[in-house]
Amino acid sequence: MAEKFLSERNLKFLLYEVFDVTSLLEHPYYQGHDRETFDMIFETAMKIGRDIIKPCLEEMDQKPPEFVDGVVKVHPVIKTFLKECGEGGWISATASAELEGLQLPIMIGLIPKFIFGAANYSASVYISLSYGAAHLITSFGTSELISMFVPKIFAGQWQGTMALTEPQAGSSLSDITTSAELTSEGYYKMRGQKIFISAGDHDGVENVVHLVLARIKGAQPGVKGISLFVVPKKRIGENGEMLPNDVTVTGVYHKLGYRGSPITQLSFGENDNCHGYLVGKANKGLPYMFQMMNEARIDVGIGATAIASAAYYAALEYAKERTQGRRLGAKDPTLPQVCIIEHADVKRMLLSQRSIIEGSLSLIIQCAKYADLEIILKGEEKDKFRLLLDLLTPVAKSYPSEMGIISVSQALQCLGGYGYCDEFPLEQHYRDMRIHPIHEGTTGIHGITLLGRNIPYKDGKAFDLYLEEIRGVISTAQNIPALKPYALELKDALHRLEKVTSHLLTIAAEGNFELFLADATLYLELFGIITIGWQWLIQAVCIQSALESERSEAEVNFYRGKMYTFRYFFGYELPKINAISQRLLNSDGLTVEMQDIFFG
Ligand SMILES: Cc1cc2nc3c(=O)[nH]c(=O)nc-3n(C[C@H](O)[C@H](O)[C@H](O)COP(=O)(O)OP(=O)(O)OC[C@H]3O[C@@H](n4cnc5c(N)ncnc54)[C@H](O)[C@@H]3O)c2cc1C
C-alpha cells in the first residue's frame, strides 16, 4: 500500500503562504496559539492518521459493521481512535476555551479532518459527526443540555449524530413526520423512523446522542413546523443511572463503499418511552440544523478531497515504478521499457487529479478563513464573510464531490488492470468516494440552493461580494507578466458567469421558476469551475513570488510542479465553461417539456 496519502508541503503552502493563517493570531480570540502549536497539531494528526487508522483502511472495508442481537459492532479501532481523539482534544479542537475546547482557528481544525479523511475516510466521519452534534447543542441548547451531553461527546465516550432523513423525507425535509409530544415533566415523547443515519449506533462508545428533527404535535406543516431535539440512546435517570431510551436500531445498510461507518435505520418510541429534549425554540429546528448541515457539507468537501488525495499518491507511486512501453516515437523494440509516468497521457491524468485536489483544498481553506473571519470580526465585515461562506458552501461541497469521482477514476486508470483489482487500494477509494454527491444534500439540491436561493439572496449581495473577491485577485495577477494571460482568461470567464446569471434571473423574474432552475446543476458546475480557477490564480500569485527568490532544488521543484498544475487547470478545465455557458444561455426548456411517458 502506498505510504504517502497527502502532501504536507502543499497543505502548509496553502495555510501559511496563500491564506496566512498566522495573521489570525493577532486577534484576541486566537491569541495564545502560535506556528509551533500548529505544526505540532499537524505532526500529531499525521501520527494518528498513519499509525492508528490507516492500517485498518482495508480491513474496515472487508469487514463492515455487523448488526448482531440488536447491537452494531464496528471495527475495534474506532474505540481506540475515538478515545485518542477525545483525550487529545481533537473533537473539540475548534470549540471555545469556555467549553473546554482548544479554541483553534477553523483553518487549523481542518488539518486533522483532512489528514484523517485521507488516511481512512470511514473512521474520520465519527469525530466530525460528534463535533457537529455537540456544536449544535452548544449554539442553541440550554446550559443543562450542554453539561448533560457535550463533555462526554467531546471526550469521545459518546457519539453524536444528525438524524434528519426519513423514508418519505430525503431531499424534501419539509415532509418530516417524526413526532414529539410535550409531557407534564417537560420532556417530549418522540415517535418515528429515521433512515440512513451515519454512526447511528455502535459499540465503540457508551452512548449515542441523536440530534433529531421532528414535528411537535399540532405544529404547522412544512419547514416552519420542524423542531430540533436531543434524543440519546440511553438517558440519564434521576440517580444518575443510564436507562435505555427506547431508541431501536431496526437495520444496518449494506453500502457500495465507505463501509467502515455504519449507516442505520432507527426507530424512536416503539414502546412509547423515548424522551427527547427540545433544543432552542419550538419550530426553529431547520434553521438551527442548517449550522450542522453546513459544517457537514464543508466536511464532505474535505473528505472527498482527502480520498482523492490518497488515490492520487497511490497512482503516483505506481506510475513511477511500473514500466510499460516506450516513448512515442522510439522505434527500437530492444530499448528498455519506460516508467509509465513518462507517457504524456499518464502525466495528463496525474495533473488532472492534482488540479482537482489542490484547487478543492484551496477552496476549502478559503471557506475556513471566511468562517474564522466571521468569528473574529463584527458588524458589516462579519456579515460579509458569512454571506461569502454561505454562497460558497454548496460549491465547496459539490465540486470536490463530483470532480473527486473523476479524480479517483483517473487514479484508478493510471494503474490499468491493477486499478480494478483489490490488491491495490484504488478500487476501494473509488467506491468510498461515490457517496459524496449524495449525502448532505445531493448535487441537484445544491445546484437549486446556489442558483435559487444564494444568488438572489439580498438582491445578489453575496454574488457581488464574490465577484469583488475574484476581481481583486485578477487585478493583482494582471500586473504580473507571467500571469497576465491567465488573469484575462478568468476575467472573461467571470463575464460569462455574469451573463448567464443575469439571463437566468430574468427567467425567474418572469415567474418561470421551473425553467429558471431546470439546469441549476449545470450552473453549479459552471460556478464551481470558475471558483476553482479563482483559487488557482490566488495560488499562482504566491507561486510566482516564491519562484523569484533563492530556494533549494526540492522547493523549486515543488513550485514548478504547482505552476504546471495551475497551467493545466487553465488550459484543460477552465475552457469547459464555454460549452456549459452556451447550454445555460439556451433555455429552450427541453428537460421541462420532456414527459415521463416519453421515456422508453
Ligand atoms: C451513506 C449515507 C449516509 C447518510 N448519512 C445521513 C445522516 O447521517 N443523517 C441523515 O439524516 N441522513 C443521512 N443520509 C441521507 C442522505 O442525506 C439522503 O440520502 C440524501 O439527502 C438524498 O435523499 P434521498 O436518498 O431520499 O433521495 P431523494 O430525495 O429521493 O432524491 C433522489 C434523486 O432525486 C433528486 N431530487 C429529489 N428532489 C428533487 C427536487 N426537488 N428537484 C430536483 N431533483 C430532486 C435528487 O437530487 C436525487 O438525484 C445518508 C445517506 C447515505 C447514503
Side-chain angles (χ1 to χ4, degrees), residues 61 64-65 72 121-122 124-133 136 159-178 192-202 208-214 222-223 226 228-229 231 249 251-266 268 285-286 288-290 292-297 299-300 303-304 307 394 397-398 401-402 431-453 513-525 591-592 594 596:
D61 180 60
V72 181
Y121 176 68
S122 290
S124 74
V125 168
Y126 294 80
I127 64 164
S128 294
L129 283 163
S130 279
Y131 171 74
L136 206 47
Q159 174 68 53
T161 81
M162 58 194 299
L164 289 62
T165 309
E166 297 177 5
Q168 77 299 341
S171 300
S172 178
L173 290 175
S174 59
D175 291 302
I176 276 174
T177 57
T178 293
Q193 282 220 346
K194 295 284 175 184
I195 58 167
F196 297 147
I197 307 308
S198 298
D201 193 75
H202 65 93
V208 184
V209 181
H210 305 287
L211 272 291
V212 177
L213 286 184
V223 292
I226 296 175
L228 177 64
F229 297 86
V231 185
V249 182
V252 173
Y253 296 89
H254 298 277
K255 311 194 292 310
L256 175 72
Y258 166 37
R259 289 184 174 164
S261 173
I263 306 303
T264 55
Q265 181 168 0
L266 301 173
F268 297 91
L286 203 57
Y288 295 153
M289 189 48 110
F290 264 108
M292 186 170 182
M293 288 198 277
N294 282 335
E295 285 171 354
R297 285 163 181 167
D299 286 351
V300 167
I307 296 174
K397 193 267 175 186
S398 304
S401 298
E402 292 287 350
R431 288 184 289 104
D432 285 353
M433 176 61 90
R434 189 59 187 86
I435 183 57
H436 291 310
I438 299 171
H439 64 169
E440 300 310 336
T442 60
T443 302
I445 296 301
H446 284 293
I448 293 172
T449 304
L450 176 69
L451 179 60
R453 193 171 64 198
F513 287 104
E514 208 170 5
L515 186 61
F516 166 50
L517 295 173
D519 280 331
T521 302
L522 288 192
Y523 183 81
L524 176 64
E525 191 180 349
T591 53
V592 178
M594 176 72 183
D596 50 2

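Order of listing sets the numbers, starting from 1, for every ligand and every atom in it. Because the structure is predicted, anything quoted here is derived from the model rather than measured.
Checking atom 28 (P) of ligand 1 against the protein gives a heavy-atom contact under 4.0 Å. Shown here, atom 25 (O) of ligand 1 is in close reach of the protein: a heavy atom of it lies under 4.0 Å off. Contact annotation for atom 10 (C) of ligand 1: protein present (non-hydrogen atoms, distance under 4.0 Å). Protein heavy atoms are found inside the 4.0 Å sphere centred on atom 51 (C) of ligand 1. Under the 4.0 angstrom criterion, atom 34 (O) of ligand 1 counts as lacking any protein heavy-atom contact.
For R431, the CZ atom counts as densely surrounded, since its 6.0 Å shell holds more than 12 non-hydrogen atoms of other residues, nucleotides or ligands.
In terms of N/O distances under 3.5 Å, ligand 1 is not approached by A169. Remark: ligand 1 and S198 share an N or O pair separated by less than 3.5 Å (distance only, no angle test). Considering backbone and side-chain atoms together, M162 places an N or O closer than 3.5 Å to an N or O of ligand 1. The shortest N or O to N or O distance between Y258 and ligand 1 is not below 3.5 Å. Taking any N or O of S172, backbone or side chain, none lies under 3.5 Å from an N or O belonging to ligand 1.
In this structure, the protein non-hydrogen atom closest to atom 13 (C) of ligand 1 is F196 O, 3.1 Å. Considering only non-hydrogen protein atoms, atom 42 (N) of ligand 1 sits nearest to I448 CD1, 3.6 Å.
For atom 38 (N) of ligand 1, the nearest non-hydrogen atom from the set A518, G170, A163, S171 belongs to S171.
Contacts of T442 with ligand 1, taken as heavy-atom pairs under 4.0 Å, involve the side chain alone.
Judged by the shortest distance from any of its heavy atoms, L517 lies outside the 4.0 Å radius around the atoms of ligand 1.
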